[in-house]
Amino acid sequence: MKITMNSICSFRLLVRRTPIPSTQSLTTMSAFQEYSSRDPENFLQKVKDLVSEKKLLSERFDKGKKVVEFAHPDQLELKLGLDIQPNSATTLELEDICQKVVKYSVKTGAPTFYNQLYHAVDTYGLAGSWLSDALNTNNHTFEVAPVFIVTERSVIQYIMNKFGFKTGDGIFSPGGSISNMYGMVLARHKRFPDIKQRGLLGSEKPLVVYTSEESHYSVVKGANWLGLGTDNVIKVKTDDRGRLVPAELERAVEQSKCEGKIPFFLNATAGSTVMGAYDDLEALSVICQKHEIWLHVDACWGGSAILSKRHRHLLKGSDQADSIAWNPHKMLGAPLQCSPFIVRHPGLLHEANCAAATYLFQQDKFYDVSYDTGDKSVQCGRKVDAFKLWFMLKARGENYFETLIDNTFEQASYLHKLVESTPGFRPAFTFGFNCTNVCFEYLPLRFRDQAETSEWKDELSKIPPKIKETMIKEGSLMIGYQPLPFKNKKNFFRMVLHCVPPPTKEDMEHIVQEIDRCGRNL
Ligand code: ABU
C-alpha cells in the first residue's frame with residue numbers, strides 16, 4: 001500500500017469510527033504503524049555518520065583505500081536488490097543498502113581519482129548543499145525562496161565582477177552543456193528576437209555556430225536542440241596547443257557568408273576538456289565584433305583560474321565576452337551541479353526566456369518583483385545551486401581558493417616534469433600543458449627503443465585500456481584515456497588535477513609508479 005497523507009488521514013478516521021477493523025483497515029493499520037514507528041531524523045544522522053565513518057569527505061580520506069570496488073552492472077544489480085516491494089523495507093535493510101551504496105560507489109575524494117573534470121566535494125559546499133536540500137526550495141520566486149534568491153543575485157554579481165562584466169545578469173543552470181545552450185539562445189534572441197515567437201520556419205538563411213575542434217560536444221547538442229542543425233556547427237582548426245586559430249575562424253566566417261549563411265555565434269573555450277586549451281579571447285573578440293557574432297566562452301573547466309592572480313591571465317579578454325559558462329563543481333570542488341552562467345547584456349536573459357506564468361510571476365505582489373527571477377530560466381523547477389557556492393566562498397575566503405588553484409597548477413607542472421623524466425613516460429604533446437590537464441603516453445618495456453611504425457602505434461593504443469582495467473579492478477587509480485583523431489593521436493592518458501583534496505608531489509609520484517607497475521610488462 002502506498003503511504004500518503006490521505007491514507008494516514010483515512011486511517012485516523014477509521015480508528016475513530018470503526019470499532020472492528022476490516023482486513024483492509026488492518027493492512028492500512030500495520031502499514032501506518034510501520035510508518036509511524038520509523039525515525040527518519042535518526043536515520044539521517046546514521047547516513048551522516050556513515051559518511052564520516054567511511055571518511056568520504058576529502059580532507060580525511062585514507063590514501064590506502066580503494067578508489068572503487070568494481071562490480072559489473074549485472075552483479076551490482078543483484079547485490080543492491082533493486083526491486084520495489086509493496087511493503088516497506090526495514091531500517092536494518094535500509095542501513096545495509098546505504099553501506100552498499102558507499103561500498104560500490106567511486107570515492108571521488110580519494111587522491112587516486114583523476115578520471116573526470118570533477119573530483120571531491122568541498123565540505124562547506126556540501127554543508128550548503130545539505131541545508132538547501134533540506135529546505136527543499138524551488139528557486140523561482142522570492143516568496144518561496146527569499147534567502148536563496150538574494151544569495152543567487154549576490155553571487156552572480158560577484159562572478160560578473162571577477163570576469164570583468166560591468167553590467168549584466170546571470171543564472172545557475174543545470175550543467176555546462178545547458179549553460180552553453182543558454183549562450184546560443186541569447187545570441188539568437190539578441191540578433192533575431194522574432195524567432196522566439198515565430199520559430200525558425202521561414203528563416204531562409206541558416207544560422208551558423210563556430211567552435212574549435214577541441215571544444216566540448218555540448219555545442220553540437222545545443223545546435224540540435226535549438227533547431228539550428230548540427231551541419232551548421234563549424235569546427236574551426238586549432239594550433240599545436242589546442243587553441244582555436246583566429247585566422248581560421250575569420251576564413252570560416254567569410255566562407256559561410258559566401259554560402260549565404262548567417263554567422264551568429266562563437267563558442268570559445270577556456271580550458272578544453274582534453275588538452276586544457278585556452279582560446280585567445282582578445283583576438284576572438286575583435287573578429288566577433290567585426291562580424292556581429294556573439295562571443296560565448298565555455299569556461300566550465302578552466303574558469304576557476306580567474307580566482308588566481310598568477311593564472312587569471314589565461315582568461316584575458318573575458319570582459320569582452322557576451323556570455324560565459326563556468327562550473328565551480330569542476331576544479332573548485334563545489335558540489336555537483338554548480339554551473340553559473342553570466343551574460344553582459346542586462347535584461348536579455350529575461351526577455352529571451354520569459355513566458356509570464358500568471359500563477360508564479362504576478363506583477364501586483366507586495367514586494368519588489370524583480371526578485372522573482374525564475375522566468376529568466378528555461379526551467380520552472382530549479383534547484384538551489386547558488387547557495388552552496390556562496391557558502392563555501394564565504395566559509396573559506398578567496399585566499400584559500402587562490403592557494404588551492406596555484407597548488408593545483410604547480411602539481412600539474414610537477415607531474416609534467418615527472419612524465420618527461422621517467423623512463424617509459426612521455427608527454428603526449430610537445431607544448432607541455434595548458435590548464436591542469438596533463439596528457440601523456442606510457443610505453444611498456446617491449447615498446448621502448450623501437451621504430452614507431454603504424455603497427456607499433458596501433459599496438460601501443462591498446463595499452464591504456466588494459467592498464468586502466470587493471471587499476472580499476474584493483475581499485476588503485478582512476479585516470480582517463482582517449483584518442484584525439486584531429487591531432488592524429490591514438491589512445492593516451494589524460495590526468496586531470498583539481499583543488500580538492502589538494503594534490504601533493506607524493507600523489508603525482510604514486511600515479512607514475514602505479515601506471516608503471518601495471519603496465520611495464522604488457
Ligand atoms: N563536461 C566535461 C566532462 C568530460 C570529462 O570529465 O572528461
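Numbers here simply count residues along the sequence, with the first being 1. Counting starts at 1 for both ligands and their atoms, in listed order.
When only modelled atom types and interatomic distance are considered, E214 and S272 share a side-chain donor-acceptor pair under 3.5 Å. With 3.5 Å as the limit, one finds no donor-acceptor pair spanning the side chains of N488 and K457. Side-chain atoms of R241 and N434 include a donor-acceptor pair closer than 3.5 Å. Residues D507 and T504 bring a donor and an acceptor atom of their side chains to less than 3.5 Å of each other.
Within 4.0 Å of ligand 1, the residues that place a heavy atom are Q116, L117, H216, T273, K330, R494, listed by chain and number.
Using a cut-off of 4.0 Å between Lys/Arg side-chain N and Asp/Glu carboxylate O, D133 and K383 are scored as salt-bridged. Classification of R382 and E152 as a salt-bridged pair holds, one side-chain N sitting under 4.0 Å from a carboxylate O.
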